[in-house]
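Heads up: the structure comes next, in structure tokens.
These numbers were taken from a predicted model, which means no experiment stands behind them. Position 1 is the first residue of the sequence, and the numbers go up from there.
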Amino acid sequence: MKHLARLAALTLALSTGAHAADQFDDKFRQLDELLPTPSTTRTASGAPGHAYWQQRADYKLRARLDEARRAITGAGTITYYNNSPDTLHYLWVQLDQNMFRPDSDNRNISTLPSREAWQKTGPEGVKFDALRANFDSRAFDGGIQVANVKASGGGALHYVVNKTMMRIDLPQPLKPGARFSFALEWRFNIPEANIVGRRTGYERFDKENKNDIFEVAQWFPRMAAYYDIAGWQNKQYLGDGEFTLEFGDYEVELTVPADHIVASTGELQNPNEVLSAAQRERLARARTAGKPVLIVTQAEAEANEKDRASGTKTWRYKAKNVRDFAFASSRKFIWDAQGIQSGANKVMAMSYYPKEGNPLWEKYSTQAVIHTIEQYSKYSFDYPYPTAISVNGPVGGMEYPMISFNGGRPTKDKKTGELTYSKATKYGLISVIIHEVGHNYYPMIVNSDERQWTWMDEGLNSFLQFLAEEAWEENYPSRRGEARDITDYMRSKNQTPIMTNSESVLQRGPNAYGKPATALNILRETVLGRELFDFAFKEYGRRWKFKRPTPADLFRTMEDASGTDLDWFWRGWFYTTDAVDVSVDGISEYTVSTQDPEIEKAWRKKLRDAEPMSLTEQRNKGTPRRVDAHPELKDFYNEHDDFTVTNADRNKFNESQEKLEDWEKALLSSGKHLYLVDFTNVGGLVTPLVLEIQLASGKKTIERIPAEVWRYSPKKITKLIVTDEPMTGLVQDPFWETADINVDNNAWPRKLTPSRLELFKTQRPQNDMMKDFNAPLKKPDAETKVSP
Ligand SMILES: [Zn+2]
């Protein structure tokens with residue numbers, strides 16, 4: 001973080017003369033003025049400071065799943081530790097289920113993209129399920145009812161519910177270093193995930209049996225985060241901005257129908273009470289197995305879902321140092337597991353899925369969990385928790401500590417029963433498991449504030465997901481990570497910078513997942529190189545695991561650990577919507593003049609002779625001329641043109657040579673080829689230049705030029721390129737590694753872009769009402785083909 005660039009800008013501004021200078025667009029201006037001032041909690045190097053603190057919350061919870069009513073009733077005690085230097089007079093608690101209230105802000109602030117979009121017909125128009133979700137969310141009796149909020153061993157506490165947040169007023173101020181325990185009860189109806197749910201809910205398989213899969217999250221009152229940069233993070237849960245929470249220890253009792261299998265955050269404490277002897281034996285075997293072992297087989301799960309137990313069982317879990325707790329429960333679950341080692345830690349990788357998920361899930365899920373831990377640990381830290389779980393249910397993809405909910409199933413042919421799946425389903429499944437299990441690292445352990453910055457965990461996680469996918473198989477169809485895959489988005493009009501609050505982001509997927517992931521990949525491959533990048537990124541993970549970093553901590557750590565000023569990179573990629581588009585405008589060739597008249601005059605004559613003959617000269621060729629008819633008119637000037645070398649020329653050259661030093665003579669006869677290349681920065685985002693130089697011999701060389709090449713003139717630069725032999729062509733960004741949004745202007749000489757023109761027959765729709773009127777009416781019970 002140096003201030004040299006600013007000084008340079010000043011010099012340029014002063015040299016432009018008497019009139020007011022245009023504002024200089026300093027792409028390398030330091031970020032200090034935008035980032036929070038370093039403090040004792042967060043240092044200028046991007047590390048936690050000597051006075052870093054964070055709050056802590058421990059939970060003891062009991063929950064009962066009422067399968068018939070599809071509801072949760074809960075009770076518990078929360079102990080809140082005030083590790084801050086501040087005295088607190090109240091606590092804020094998150095009631096996320098209130099997002100599902102019919103009158104929630106999430107419902108009330110929703111808008112349509114446009115009137116035109118609403119009125120579109122066909123696949124782009126309004127869909128059945130969209131309208132059903134709208135109607136059902138108004139009718140669903142959602143939201144959490146909290147009761148009996150009281151201090152442990154004390155009286156009732158005053159509290160106020162503000163939409164998705166609850167403020168509890170403390171009977172006495174909570175001093176720094178003190179703790180406060182309170183108890184409460186609650187209940188809520190679980191939303192149907194496919195209709196009104198978001199990140200949580202139940203899935204209906206069969207209306208009569210109510211054989212559901214429950215994926216239960218955001219299910220208990222959770223302490224809002226309180227930290228040095230934000231104070232209470234009590235921004236309302238509007239739907240997009242997810243969660244940041246405090247770390248703590250959990251003891252949870254989950255009471256579910258006796259024939260359910262539970263998948264949960266934490267370690268099971270009472271396997272003897274809830275698992276059969278066979279299941280316990282298989283689990284023990286799985287710990288050291290070389291491949292996933294079935295704990296509940298498909299045949300057992302199918303038998304299980306035919307009956308209905310009347311009683312309940314209580315599954316008891318403990319989880320240490322986690323920021324949240326989620327679980328899934330169903331009698332449909334097949335369950336497999338395999339133990340793996342992550343550094344010194346033993347981890348059980350496990351999957352839970354219904355028969356509808358096979359054959360995909362038994363083949364890929366647990367393998368993908370293990371692969372994620374192996375790959376993410378390389379770039380971050382060892383996986384610290386005892387379990388890592390992937391559950392197949394109605395939630396398409398969502399992460400919690402140790403457990404993730406993932407969508408994706410094969411398709412069953414309604415007539416033949418044949419199970420098939422598309423390439424997109426297969427790789428979509430592997431990718432979503434990598435992504436959601438990967439979230440254990442970011443943000444479940446590196447606990448960034450997702451209510452404020454979606455990109456801090458989605459972007460970093462999507463980047464590591466890309467690296468893990470690359471390690472799965474060659475030519476893995478990754479959606480995000482490669483520079484060339486972000487260019488459509490970078491060209492698009494309705495963009496916000498990455499540094500935009502989670503709720504205000506436009507085009508959430510490319511903005512908060514794709515663009516930061518690609519930017520980090522460009523930083524790794526093109527700007528820093530793998531060695532410097534990997535060290536610095538790992539240092540970020542090491543510094544901030546089990547702590548709460550902010551964007552400045554990431555930016556500063558990457559600079560501090562790589563030894564590189566990257567402010568231009570963060571500024572361009574994270575604070576603007578500029579795109580990379582560098583145009584190679586023109587090239588002029590220079591060779592050094594030898595000053596020898598014999599060589600130089602011959603060279604100039606050759607150039608002149610290469611000029612095209614004028615049209616008049618062409619047409620006059622062979623015309624009788626006067627001097628040919630009268631040769632006596634010819635003299636010295638008819639024998640010599642401007643390129644004749646005279647003795648005076650030779651004398652002058654010889655005299656000048658005698659005055660030259662040896663090194664000066666050597667320069668004149670070096671034979672080097674010099675090219676001035678003009679580049680325009682059309683897109684505005686400064687980028688390193690990657691130049692592929694093609695030489696007359698056919699040889700190609702690559703020159704990598706740091707982005708600082710743009711520091712004095714961010715819009716247009718001229719660069720000198722020196723070669724030993726003539727250059728025949730030049731390509732900027734030959735490997736498409738900089739996300740240049742227009743490669744048509746990257747080459748000199750320009751290249752043709754081949755395309756196909758597809759021709760179509762003109763077909764006018766016929767409106768034959770008479771024919772329609774006379775069509776026979778089909779009986780409703782007849783087998784009719786319904787138009788899609
Ligand atoms: Zn994610």
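- For Phe463 and Phe533, the gap between ring centers is short of 6.0 Å.
- The closest side-chain heavy-atom distance from Gln732 to Leu689 is below 4.5 Å.
- Under a 3.5 Å cut-off, the side chain of Glu246 and the backbone N or O of Gln54 do not form any donor-acceptor pair.
- Ring geometry for Tyr441 against Tyr376 counts as tilted: the plane angle lies between 30° and 60°, on a 0 to 90° scale.
- Checked by atom type, the side-chain pair Ser404/Asn406 shows a donor-acceptor distance below 3.5 Å.
- In terms of modelled atom types and a separation under 3.5 Å, the side chain of Arg704 and the main chain of Val527 share no donor-acceptor contact.
- For the pairing with Phe574, the ring pair (Phe, Tyr, Trp, His ring centres under 6.0 Å) check across Trp453, Trp455, Trp568 returns one residue only, Trp455.
- Side-chain contact between Lys719 and Tyr675 is absent, with no heavy atoms from C-beta onward closer than 4.5 Å.
- Residues Tyr52 and Arg42 meet the side-chain proximity criterion, which asks for heavy atoms closer than 4.5 Å.
- In this view, Pro497 and Thr500, Thr577 satisfy the side-chain contact (heavy atoms from CB on, under 4.5 Å) rule, not counting sequence neighbours.
- Donor-acceptor pairing under 3.5 Å is lacking for the side chains of Ser448 and Asp457.
- When only modelled atom types and interatomic distance are considered, Gln233 and Thr244 share no side-chain donor-acceptor pair under 3.5 Å.
- Counting only N and O atoms by type, the side chains of Thr550 and Asp449 include no donor and acceptor under 3.5 Å apart.
- No side-chain donor-acceptor contact under 3.5 Å links His435 and Glu399.
- Within 6.0 Å of atom CZ in Arg479, 12 or fewer heavy atoms from other residues, nucleotides or ligands are found, so the atom counts as exposed in its surroundings.
- In this structure, Ala51 and Thr41 approach most closely via the heavy-atom pair O-CG2, 3.4 Å.
- Other residues, nucleotides and ligands contribute at most 12 non-hydrogen atoms within 6.0 Å of the NZ atom of Lys699.
- To the nearest 0.5 angstrom, Arg323 atom CZ is 12.0 Å from Phe546 atom CZ.
- A donor-acceptor pair is defined here as one N or O able to donate and one able to accept, closer than 3.5 Å; such a pair exists between the side chain of Thr43 and the backbone of Ala47.
- Here the side chains of Tyr540 and Leu460 are in contact, with some heavy-atom distance below 4.5 Å.
- Going from atom OG1 of Thr557 over to atom NZ of Lys538 covers 15.5 Å, rounded to the nearest 0.5 Å.
- Considering only heavy atoms from C-beta on, Met223 stays 4.5 Å or farther from Gln94 through its side chain.
- Of the possible donor and acceptor atoms, one in the side chain of Asn106 sits under 3.5 Å from a partner among the backbone N and O of Leu238.
- A heavy-atom distance below 4.5 Å is found between the side chains of Glu458 and His439.
- In this structure, the side chains of Asn742 and Val682 stay at 4.5 Å or more apart for every pair of heavy atoms.
- Of the possible donor and acceptor atoms, none in the side chain of Ser431 sits under 3.5 Å from a partner among the backbone N and O of Gly428.
- Salt bridge annotation for Arg543-Asp553: absent, with no cationic side-chain nitrogen under 4.0 angstrom from a carboxylate oxygen.
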Step-by-step salt bridge (charged side-chain N to carboxylate O under 4.0 Å, His left out) determination, Glu525 to Arg530: CA-CA 6 Å; Glu525 301 283 23; Arg530 291 186 175 190; 2.8 Å; yes
Working for side-chain hydrogen bond (donor to acceptor under 3.5 Å, both in side chains), residues Asp678 and Thr718: CA-CA 4 Å; Asp678 296 323; Thr718 301; 2.8 Å; yes
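- Shown here are the salt bridge (charged side-chain N to carboxylate O under 4.0 Å, His left out) partners of Arg56, two or more places apart in sequence or in another chain: Asp58, Asp249.
- Glu242 and Ser502 share no side-chain donor-acceptor pair at under 3.5 Å.
- Under a 3.5 Å cut-off, the side chain of Gln55 and the backbone N or O of Ser84 do form a donor-acceptor pair.
- From Ile445, atom CD1 reaches atom NZ of Lys545 across 8.5 Å, with rounding to the nearest 0.5 Å.
- Under the rule for a ring pair (Phe, Tyr, Trp, His ring centres under 6.0 Å), Phe679 has no partner lying at least two apart in sequence or in another chain.
- Residue Trp232 holds its CH2 atom at 13.0 Å from OH of Tyr227, rounded to the nearest 0.5 Å.
- Salt-bridge check for Glu559 with Arg556: failed, with every basic side-chain N at 4.0 Å or more from each acidic carboxylate O.
- In the model, Glu450 has no side-chain atom that pairs as donor or acceptor with a side-chain atom of Tyr442 under 3.5 Å.
- If you check the side chains of Thr454 and Asp240, you find no donor sitting under 3.5 Å from an acceptor.
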Residues Gln507, Asn494; criterion side-chain hydrogen bond (donor to acceptor under 3.5 Å, both in side chains); working and verdict: CA-CA 8 Å; Gln507 305 196 65; Asn494 55 332; 3.1 Å; yes
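- Using bins of under 30°, 30° to 60° and over 60° for the plane-to-plane angle, the ring pair Trp472/His371 lands in the perpendicular bin.
- From Arg451, atom CZ reaches atom CD of Gln236 across 8.0 Å, with rounding to the nearest 0.5 Å.
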Stepwise salt bridge (charged side-chain N to carboxylate O under 4.0 Å, His left out) test for Arg524 and Asp534: CA-CA 7 Å; Arg524 180 173 190 252; Asp534 290 352; 2.8 Å; yes
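- Listed for the Thr487 side chain is a donor-acceptor partner under 3.5 Å among the backbone atoms of Arg484.
- Inspection of the Tyr385 and Thr265 side chains reveals no N or O donor paired with an N or O acceptor under 3.5 Å.
- Taking both residues in full, the closest heavy atoms of Leu464 and Ser380 are given as CD1-OG, 3.7 Å, listed atom of the first, atom of the second, then distance.
- No side-chain donor-acceptor contact under 3.5 Å links Gln694 and Thr728.
- Within 6.0 Å of atom CD in Glu531, 12 or fewer heavy atoms from other residues, nucleotides or ligands are found, so the atom counts as exposed in its surroundings.
- Between Phe569 and Phe555, the distance from one ring center to the other does not fall under 6.0 angstrom.
- Counting heavy atoms from C-beta outward, Phe28 and Trp710 have side chains that approach closer than 4.5 Å.
- Under a 3.5 Å cut-off, the side chain of Asn447 and the backbone N or O of Leu245 do form a donor-acceptor pair.
- For the pair Arg222 and Phe243, the cation-pi test (distance below 6.0 Å, angle within 45°) is passed.
- Contact between Glu436 and Met398 at its shortest, heavy atoms only, is CD-N, 3.4 Å.
- Counting only distance, with no hydrogens or angles, the side chain of Thr564 and the backbone of Leu566 share no donor-acceptor pair below 3.5 Å.
- Between the side chain of Asp567 and the backbone N or O of Leu31, at least one donor-acceptor pair lies under 3.5 Å.
- The CG atom of Leu685 lies 6.0 Å from the CG atom of Asp578; values are rounded to the nearest 0.5 Å.
- With 3.5 Å as the limit, one finds no donor-acceptor pair spanning the side chains of Ser377 and Asp382.
- The two residues Ala483 and Ile522 make their nearest non-hydrogen contact at CB-CD1, 4.1 Å.
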